[in-house]
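All heavy atoms count here, side chains included; hydrogens, waters and symmetry mates do not. Note that the structure is a prediction, hence the values are computed from the model and not measured. Positions are given from 1 along the sequence.
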Amino acid sequence: MSNYIIPGLFALFVWWFSTGAIIFLDGLPRPTFKWSMLGATTVFAICVIGLVKVSSEQTVAAAYWAFGFGLFAWGWQEISFYMGFVTGPRTASCPENCKGWKHFGHAIQTSLWHELAIIGSAAIIVASTWGQPNQIGVWTFMVLWWMHQSAKLNVFLGVRNLNEEFLPEHLNFLKSFLKRKPMNLLFPFSITISTVIGTIMFEHAGRATTGFARAGDTFIGVMMALAILEHWFLVLPLPAGKLWKWGLKSRKPAHAFDVEIVAGFLGAGKTTFMRRRLDMLSNIPVETREKTVVLVNDFSTVGIDGSLLRGQGADVVELPNGCICCTLKNDLASQLEEVVGKFAPDRVLIEPSGVADLASLIGVLERPAIAPFKRSLSVITMIDASAFLGDFAEMQGHFTAQARLASLLIVNKTDLVSAAERDLVEETLQRLNPDVRIITARYGSVPADVFAATTKPRKDPTAADDERATTPAPAVRHVQEYEVRPALAPMPAPQPAARAPHVHDDDHAHDHAGCTDTGCDHPDHHHDHDHDHAHQDALGFSSWAGTLDTICDADALRHVLDAAAAGSFGSIARLKGLARIGRGWVQFDIAGHRASMGAFAAPADEEPRVIAIGRNLDEAGLAAAFAGCSMRLAAE
């Protein structure tokens, strides 16, 4: 039995250690890469010479040497690619809307020279040992090549676990070619082929009559078994990354930052609150002020909120095209990594769209590539007191999930409801989440000291114990009246689900883990991002977007808004836009079936536009109505 166990353990250890060593070297500062590449090239040359030397020998020692030479010869292929020396003619991300064969062609270009180098190396190894009895090194190299190609195609076509944390920073553009989905059609074939080959090799090892044959066949069989294991790691919820976590210790730590998510349904007042929050942060003395970056996500292809938040003392990055699981670069994690690398913020404020899947967003922030650098996470959920009862009756699951995941619930627009209705809203929310803090507000205004109690450290998945301190923010100058409500006694109700990042207690019936901007596979998640077309989400909402190319008449615009609020163009949950009126600009919106307009200070490059979100939208009617707002047409 030791004739099989010892070779098997040897193959397993060498494979595991060499993989981790390459990850470690690839995480060192870039000036070290030339020395690593020089060393790898020297090792490759030694391995080829070694394979020639042992190719005529059929001893157990020769089997071990041949296996080692074949495996370390493959190491040159990995190091040359991941350190950026031998990659391909394309070194940029794939365009956002690129798909199909064009997308596949771009993917090939990212590693074309690498693939040709593998072919050339294989030719050298095969030619050098041709006709010799010891072919273990050759087959080891070929099996590793098979593992590489199969895994590469599978992550391109889509798998659950992409293990992006192992990609070095200089290859971040490759993330645009990775797709996250539960499985793809190639995966079963990859597993079946590897299983058949592995079984044949183990059968040969069992029938072998010499120690050389037993060791050699065991080596190849174990490598095929590892190929199968690697593939299952791609689709099963297994902590595969922990196998080589030690290899990541050479990576330069990213800048640690705090995260605040400002969630809430359409029209709850998220953007107004965000503007007040940014004003609050900008009033902190310069010597203690933290750098803030805002990620804002609109449901439509035409973003409005980003324009409203600019000029508030923070960098703003827009993530258009729907719910937060369908982001600008197909993966919020990739976008957040880029933001952190570019701006090095101390604080990241995220405003997801009103129909975003909050649980999926939190799950993204807990991924291994981000979680270690996230000091704390707070979830602030805005509730429109005036619309809550109707919205809750229609979308109970959505509001239940948002309440249970919140660190702080702000019941906004309390000036529009009676005291009894306000209390009813609070009691309902407290029932959904007995532990959450609830405050009431008007126009999204809350004092700075609220945030000291809001930030809740989330457990770092890479550490056994994570304790992170939070510092209260200095007071803001202008704070309107608000009320902090005492915690209410929980009403008899079913025990809420655990508030973990993976909780998905809303009405979404599909897996957001694999959702992408284009090519979304969810049958109920239709993505149509052409101008003026609907973008429908799982809650049944669609969006319409239009441009206002002419100067508008204020009365005509008000008339259109009132008609839209009354339901003349479908059931509109939210409408917002920017328009030119006379020599100035206005910001207009509909929330809670109420229309409003106000002056807006637009930058020189601003574009007038409008988006509407709702159900059964009359897109043609909306387009015609806003087109009729021009001063010329309104006067006729």
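Inter-residue side-chain proximity for Ile362 and Ile261 is flagged as met; some heavy-atom pair is nearer than 4.5 Å. A heavy-atom distance below 4.5 Å is found between the side chains of Val560 and Cys629. Annotation: side chain of Val259 is in contact with side chain of Ile350 (closest heavy-atom distance under 4.5 Å). In this structure, the side chains of Arg276 and Val446 stay at 4.5 Å or more apart for every pair of heavy atoms. Counting heavy atoms from C-beta outward, Asp346 and Thr292 have side chains that stay 4.5 Å or more apart.
In this structure a side-chain-to-backbone donor-acceptor pair under 3.5 Å is present from Ser176 to Phe173. Side chain of Thr414 to backbone of Ala441: a donor-acceptor contact under 3.5 angstrom is found. At distances below 3.5 Å, not a single donor-acceptor pair connects side-chain atoms of Asn412 with backbone N or O atoms of Ile383.
Using a 4.0 Å cut-off between charged side-chain N and carboxylate O, Glu394 and Arg615 make a salt bridge. Look at Glu426 and Arg422 and you find a salt bridge, because one of the NZ, NE, NH1 or NH2 atoms lies within 4.0 Å of a carboxylate O, short of that distance. A salt bridge between Arg580 and Glu606 is absent, with no side-chain N of the basic residue lying under 4.0 Å from a carboxylate O of the acidic one.
The 12-atom threshold is not exceeded at NE2 of His559, counting heavy atoms of other residues, nucleotides or ligands nearer than 6.0 Å. No more than 12 heavy atoms of other residues, nucleotides or ligands sit less than 6.0 Å from atom NE2 of His593.
Just one residue in the list Arg375, Lys374, Arg347 forms a salt bridge (Lys or Arg N to Asp or Glu O under 4.0 Å) with Glu260, and that residue is Arg347.
With values rounded to the nearest 0.5 angstrom, Gln587 atom CD is found 8.5 Å from Thr271 atom OG1. For the atom pair Phe569 CZ and Leu617 CG, the distance stands at 11.0 Å (nearest 0.5 Å).
At a cut-off of 3.5 Å, with distance as the only test, no side-chain donor of Ser571 or Asn616 sits close to an acceptor on the other residue. No side-chain donor-acceptor contact under 3.5 Å links Arg437 and Ser407.
Annotation: ring pair (Phe, Tyr, Trp, His ring centres under 6.0 Å) contacts of Phe257 (sequence neighbours excluded): none. Glu607 is linked by a side-chain contact (heavy atoms from CB on, under 4.5 Å) to Arg609, counting only residues two or more places apart in sequence or in another chain.
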Go through the steps to decide whether Phe399 and Phe388 satisfy the test ring pair (Phe, Tyr, Trp, His ring centres under 6.0 Å), and finish with yes or no.
CA-CA 9 Å; Phe399 281 88; Phe388 177 76; 5.7 Å; yes
